[in-house]
Participant: 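Have a look at the structure that comes next, please.
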Protein chains: 2
Amino acid sequence: MIFISIKGCTRGINMEAKVIFDRFLSSRGMRRTAPRDKVVNVFLKIEKHISTQDLYSIVHRTHKEIGYATVARTLKLLDEAGLCRKVDFGDGTVRYEHKYKHEHHDHLACTGCGKLIEIYNKKLEKIQDELVKKHGFIQKSHRLNIFGLCPKCQKRKA
Amino acid sequence: MIFISIKGCTRGINMEAKVIFDRFLSSRGMRRTAPRDKVVNVFLKIEKHISTQDLYSIVHRTHKEIGYATVARTLKLLDEAGLCRKVDFGDGTVRYEHKYKHEHHDHLACTGCGKLIEIYNKKLEKIQDELVKKHGFIQKSHRLNIFGLCPKCQKRKA
DNA sequence: GTTCTATTGATAATGATTATCAATATCTAA
DNA sequence: TTAGATATTGATAATCATTATCAATAGAAC
């Protein structure tokens with residue numbers, strides 16, 4: 001199932017994000033290469049939750065010479081550089097979403113059609129923080145995915 | 001990583017749960033068999049979040065004749081019968097937890113040692129319900145996993 | 001007991017991810 | 001600018017969890 005965000009928006013290649021990525025590479029003693037550059041460019045242009053396979057297919061259209069492994073490795077690097085975030089909807093495929101200049105959010109997904117809504121609620125975050133503190137933990141991350149039926153799918157099934 | 005619940009407790013085989021499972025089987029025109037019975041017995045005795053492989057290993061100790069596929073299939077049935085629930089911590093392995101006579105809860109997991117705390121908060125649930133309604137959805141399920149460092153692991157790393 | 005067919009267990013297939021490695025491209029220092 | 005050291009690449013193999021296959025087996029109804 002393809003999860004499509006309704007909050008998606010298109011913008012030009014994010015130069016700031018690219019600079020961050022390049023800095024990240026050099027801070028690790030890694031090299032800036034043409035294949036990495038191309039994969040990053042394509043990723044930054046797509047405002048969707050995409051799997052490695054998805055991104056590979058898109059990259060492959062314009063850059064036949066770039067292999068699956070490079071796409072997978074570059075997504076991992078983007079994650080480590082803080083430019084994207086892994087999202088797991090529990091269907092066996094990890095997806096990635098943009099993180100740079102994107103607010104933290106949770107997900108409301110329709111199990112009928114895959115429609116995906118990004119949700120955010122301050123109270124929700126606050127209560128979580130309190131619960132974490134209560135147990136003496138230091139929070140690293142959290143993942144809230146709500147699954148349900150969207151209005152359209154409710155009608156379709158009725 | 002093995003996630004160990006600190007809320008785990010041991011009790012005898014839950015006869016009520018077994019009755020529910022048997023009714024579930026016959027309602028589907030499925031048969032009650034010795035292998036299924038054994039797998040269910042073992043599962044009901046273990047109050048942990050376990051993977052298929054985990055349960056297979058445990059079952060295998062006392063029932064060498066039972067195969068992996070049967071364990072996997074029986075866990076699926078237990079899920080469908082409402083006796084267990086899939087839990088996904090995003091590490092590539094699906095785990096199952098008890099659901100019969102167990103309140104709904106979310107998870108607070110330590111990324112250092114795998115310690116797992118089951119958390120529940122009414123407000124958290126209420127806010128989620130409101131968010132879902134606001135978007136016209138009907139909620140089917142949700143999954144909230146918080147990841148962080150437990151007090152012990154904080155000290156160990158300091 | 002006989003018959004029908006659901007179930008089993010071994011194993012193959014699948015699908016996503018990760019590892020391997022020889023060939024290649026990048027970076028750095030002279 | 002070039003040469004050398006080595007990070008990176010792309011193809012593919014390996015891995016891991018899960019799911020599908022199928023002949024043999026064993027419930028259930030008569």
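Order of the sequence lines sets the chain letters (A, B, ...), proteins ahead of strands, with each chain counted from 1. Here the structure is a predicted model, which is why all the values come from computation and not from measurement. Basis for what follows: all heavy atoms, side chains included, without hydrogens, waters or symmetry-related copies.
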Participant: In whole Å, I'd like the distance from the CD atom of B/E65 to the C1' atom of C/dT7.
Facilitator: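 In whole Å, C/dT7 C1' and B/E65 CD are 14 Å from each other.
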Participant: Grab the CG-P distance between B/D37 and D/dA28 for me, whole Å please.
Facilitator: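 Distance, rounded to whole Å: 10 Å.
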Participant: Find which nucleotide of DNA chain C each of B/G29 and B/V71 is nearest to by heavy atoms, and output the residue with the more 5' nucleotide.
Facilitator: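 Its nearest nucleotide being more 5', the pick is B/G29.
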Participant: Atom CG of A/D22 and atom P of D/dA7: how far apart are they, to the nearest Å?
Facilitator: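 From A/D22 CG to D/dA7 P: 18 Å.
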Participant: In chain order, what residues pass the side-chain contact (heavy atoms from CB on, under 4.5 Å) check against A/R23, with sequence neighbours excluded?
Facilitator: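 Residues passing side-chain contact (heavy atoms from CB on, under 4.5 Å) with A/R23: A/V19.
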Participant: Roughly, in whole Å, what's the span from CG in A/D91 to P in D/dT18?
Facilitator: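 Interatomic distance, CG of A/D91 to P of D/dT18: 13 Å.
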Participant: How many whole angstroms separate atom CG of A/L77 from atom C1' of D/dT9?
Facilitator: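 Rounding to the nearest Å, CG of A/L77 and C1' of D/dT9 are 13 Å apart.
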Participant: Run the side-chain contact (heavy atoms from CB on, under 4.5 Å) test against B/D106 and tell me which residues pass, sequence neighbours left out.
Facilitator: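 In terms of side-chain contact (heavy atoms from CB on, under 4.5 Å), with neighbours along the sequence ignored, B/D106 is linked to B/H104, B/I119, B/L124, B/E125, B/H142, B/L144.
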Participant: Applying side chain to side chain donor-acceptor pair (under 3.5 Å), can you list everything that pairs with B/R85, at least two apart in sequence or on another chain?
Facilitator: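 Per chain and number, B/R85 pairs via side chain to side chain donor-acceptor pair (under 3.5 Å) with B/E97.
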Participant: I need the B/T111 OG1 to B/F89 CZ distance, nearest 0.5 Å.
Facilitator: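 Those atoms lie 12.5 Å apart.
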Participant: How close or far is atom P of D/dT18 from atom CG of B/D79, stated in whole angstroms?
Facilitator: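 Result: 13 Å.
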Participant: Measure CG/A/D54 against C1'/C/dG15 and give the value in whole Å, please.
Facilitator: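 These atoms are roughly 14 Å apart.
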Participant: I need a per-nucleotide contact map over nucleotides 17-30 of chain C, read 5' to 3'. Cutoff is protein heavy atoms under 4.0 Å; write B for the base, S for backbone only, - otherwise.
Facilitator: BBBB----BBS---
Participant: Which residues pass the side-chain contact (heavy atoms from CB on, under 4.5 Å) test with B/V94, sequence neighbours left out?
Facilitator: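 With neighbours one apart ignored, the set is B/K86, B/Y96.
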Participant: B/H107 and B/F147: aromatic ring centres closer than 6.0 Å?
Facilitator: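 No, they do not, as the ring centres are separated by 6.0 Å or more.
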Participant: I need the full list of ring pair (Phe, Tyr, Trp, His ring centres under 6.0 Å) pairs touching residues 55-78 of chain A, with sequence neighbours left out, sorted by first then second residue.
Facilitator: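 Qualifying pairs: A/Y56-A/H60, A/Y56-A/Y68.
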Participant: Quick one: side chains of residues 130-137 of chain B, donor-acceptor pairs under 3.5 Å with protein atoms, not counting sequence neighbours, listed by atom name and distance.
Facilitator:
residue: B/H135; atom: ND1; partner: B/L131; partner atom: O; Å: 3.0

Participant: Compute the bend angle of the helix from C/dG1-D/dC30 to C/dA30-D/dT1 from the end axes (five pairs per end), rounded to 10°.
Facilitator: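 The helix from C/dG1-D/dC30 to C/dA30-D/dT1 shows an end-to-end axis angle of 30°.
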Participant: Name all residues meeting the salt bridge (charged side-chain N to carboxylate O under 4.0 Å, His left out) criterion together with A/R28; count only those two or more places apart in sequence or in a different chain, and write none if there are none.
Facilitator: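 Result, salt bridge (charged side-chain N to carboxylate O under 4.0 Å, His left out) vs A/R28: A/E80.
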Participant: Which whole-number value in Å describes the distance from B/I66 CD1 to D/dT25 C1'?
Facilitator: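 Those two atoms, CD1 and C1', are 14 Å apart.
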Participant: Respond yes when some side-chain nitrogen or oxygen of A/R28 is under 4.0 Å from OP1 or OP2 of D/dA7, and no when none is.
Facilitator: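 Result: no.
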